[in-house]
Amino acid sequence: ASKRGGKMRCTWFNEAFDRSREQLKDLEDELRTALSRDEFRVHYQPLVDAETRQITTVECLLRWERPDGKDVGPAVFIPVAEESGLINPIGLWVLRQACCDALEWEGITLSVNISAAQLRNPEFPIQLGHILEETGFAPERLELEITETCLVLDPVVAERSLDLIRGFGVRVALDDFGTGYASIGFLRQFRFEKLKIDRSLVAQAHEDDGSRAIMVSSITLARAMNMDVTAEGVETEEQAAMVRAAGCDQVQGWLYFKAMPADELVQHLNKPVDRSDSAIRPDKGSKVA
Ligand code: C2E
Ligand code: MG
Ligand code: MG
Ligand code: MG
């Protein structure tokens, strides 16, 4: 009986495995056509100066408007795009679209996420150079967000590509710091212009002393190495006060803004900063009777 049970479990497992593999293949096919059918959109989430709350930078976050209306976020489809190599054309599309959109956003830095698979492609720096040239976007206004995966997989190619990219005047940020294994050695070797403290570390730092010590000393270290520091995923005033006190230069999170389409963003870029809390949290303590 136990033998039969084992066999049945095995069949069940294989079927489930085949099914999920099929779904993955379907998703890959859909992604392949999504580009040609113009189903991708770039949304922008502002990063604000920790002191003045002025918007300094906008991060490009990819959205997929599927014809069936199903909401599939980048956390799901980006890994599939990476696995299949589709991230290369998709990533170039994002860069081109964002550079066009942001051309007129004077004084605002554009921050674009770059996958490990893109950075490992030796053609990438050349392709980036073409996009900058074609769009006329000033390289000094562009920042690339990379994760430590890029650096672990292929440190030699990564370092060479980053050198070329920096040669254009583009800055490099280490994204999602505090989630993985990024070592102090990495910070020294790759000399990022910016460190982005991951949302999970910000949230944990607010909860427990150990995490807070890690966050505070990471920020201190980054600043001592002349890096800019951004705290991601700030959702409450308490977290904002904490990361500001720890020395963050910029803050990013739903407390301030969610990601939004370009036409919505420009309205915020043209608005003067209102520092009163009621302007940022209209649900709380509105002074208007
Ligand atoms: P990421 O680069 O770390 O981006 C930050 C993510 O946190 C975004 O999720 C953003 O919407 C979300 N977020 C921002 N503030 C808050 C907050 O206060 N609370 C919470 N709960 N979440 C917040 P999103 O847009 O779903 O993107 C997920 C990830 O997908 C990104 O993480 C990035 O790794 C990847 N991704 C997005 N767009 C692109 C792209 O164009 N190219 C590549 N290669 N990856 C991308
Ligand atoms: Mg990012
Ligand atoms: Mg991030
Ligand atoms: Mg993150």
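All ligand and atom numbering here is 1-based and tracks the order in the structure. It should be emphasised that the depicted structure is a prediction, and the values quoted were computed from it without experimental measurement.
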Quiz item: Going through the distances and angles, do E59 and K196 end up as a salt bridge (Lys or Arg N to Asp or Glu O under 4.0 Å)?
Solution: CA-CA 12 Å; E59 178 175 2; K196 297 192 76 174; 3.0 Å; yes
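- In this structure, OE2 of E232 and OD1 of D175 enclose an angle of 100° at the Mg ion (ligand 3), rounded to 10°.
- Counting only N and O atoms by type, the side chains of S115 and E82 include a donor and acceptor under 3.5 Å apart.
- Taking a cut-off of under 4.0 Å to the non-hydrogen atoms of Q118, the atoms of ligand 1 that pass are 44 (N).
- A salt bridge is defined here as a Lys NZ or Arg NE, NH1 or NH2 lying under 4.0 Å from an Asp or Glu carboxylate O, and R96 with E134 meets this definition.
- Under the 4.5 Å side-chain criterion, counting only non-hydrogen atoms from C-beta, M242 is not in contact with V216.
- For atom 18 (O) of ligand 1, the candidate residues are F77, W254, F40, W64; the nearest heavy-atom contact is made by W254.
- Residue contacts with ligand 1 for L61 involve both N, CA, C or O and side-chain atoms from C-beta outward (heavy atoms, distance under 4.0 Å).
- Using a 4.0 Å cut-off between heavy atoms, E82 makes no contact with ligand 1 at all.
- Counting all heavy atoms, side chain and backbone alike, A116 lies closest to T149 at CB-C, 4.2 Å.
- The nearest pair of heavy atoms linking L221 to L187 is CD2-CD1, 3.9 Å.
- Among the atoms of S111, no N, O or S atom is found under 2.8 Å from the Mg ion (ligand 2).
- Counting heavy atoms from C-beta outward, I131 and F137 have side chains that stay 4.5 Å or more apart.
- The two atoms that bring P139 and L132 nearest to each other are CB-CD1, 4.1 Å, heavy atoms only.
- Residue I114 has no N or O atom closer than 3.5 Å to an N or O atom of ligand 1.
- Residue nearest to atom 44 (N) of ligand 1, selected from G91, G233, S115, G73: S115 (by heavy-atom distance).
- Using modelled atom types, one finds a donor on one side chain and an acceptor on the other under 3.5 Å when comparing Q250 with T230.
- Atoms of ligand 1 lying under 4.0 Å from any heavy atom of D176, numbered from 1 in the order shown and given with element: 3 (O).
- Of the heavy atoms in E232, only side-chain atoms (C-beta onward) come closer than 4.0 Å to ligand 1.
- At a 4.0 Å heavy-atom cut-off, ligand 1 touches I78 through the side chain alone.
- For E145 atom OE1 and N113 atom OD1, the angle they make at the Mg ion (ligand 2) is roughly 90°, to 10 degrees.
- The backbone N or O of E232 sits nowhere less than 3.5 Å from a side-chain atom of Q252 that would complete a donor-acceptor pair.
- The Mg ion (ligand 3) is closest to atom OD1 of D176 (considering only N, O or S atoms).
- For ligand 1 and Q45, the ligand atoms under 4.0 Å from any heavy atom of the residue are 14 (C), 15 (N).
- Within the 4.0 Å heavy-atom criterion, the part of V234 lying near ligand 1 is the backbone and not the side chain.
- Residue contacts with ligand 1 for V42 are absent, since no atom lies close enough (heavy atoms, distance under 4.0 Å).
- Minimum heavy-atom separation, Y44 to L110: CE2-CD1, 3.9 Å.
- At a 4.0 Å cut-off, not a single heavy atom of A259 sits close enough to ligand 1 to count as contact.
- For the pair C60 and N113, the tightest heavy-atom approach, listed with the atom from each and the gap, is O-ND2, 3.3 Å.
- What you find for G233 and Q239 is that their closest heavy atoms are O-OE1, 3.8 Å.
- Contacts between E59 and ligand 1 below 4.0 angstrom, taking non-hydrogen atoms only, involve the side chain exclusively.
- In the vicinity of G253, heavy-atom distances shorter than 4.0 Å reach the ligand 1 atoms 15 (N), 18 (O).
- Ligand 1 lies within reach of E235, whose nearest heavy atom is under 4.0 Å from it.
- The closest approach between any non-hydrogen atom of H43 and ligand 1 is not below 4.0 Å.
- In this structure the side chain of L265 never reaches within 4.5 angstrom of the side chain of D101, judged on heavy atoms.
- Residue V94 approaches ligand 1 through these ligand atoms, each under 4.0 Å from one of its heavy atoms: 41 (O).
- Nearest N, O or S atom of E59 to the Mg ion (ligand 2): atom OE2.
- Residue-to-ligand polar distances place R199 within reach of ligand 1: an N/O pair is separated by less than 3.5 Å.
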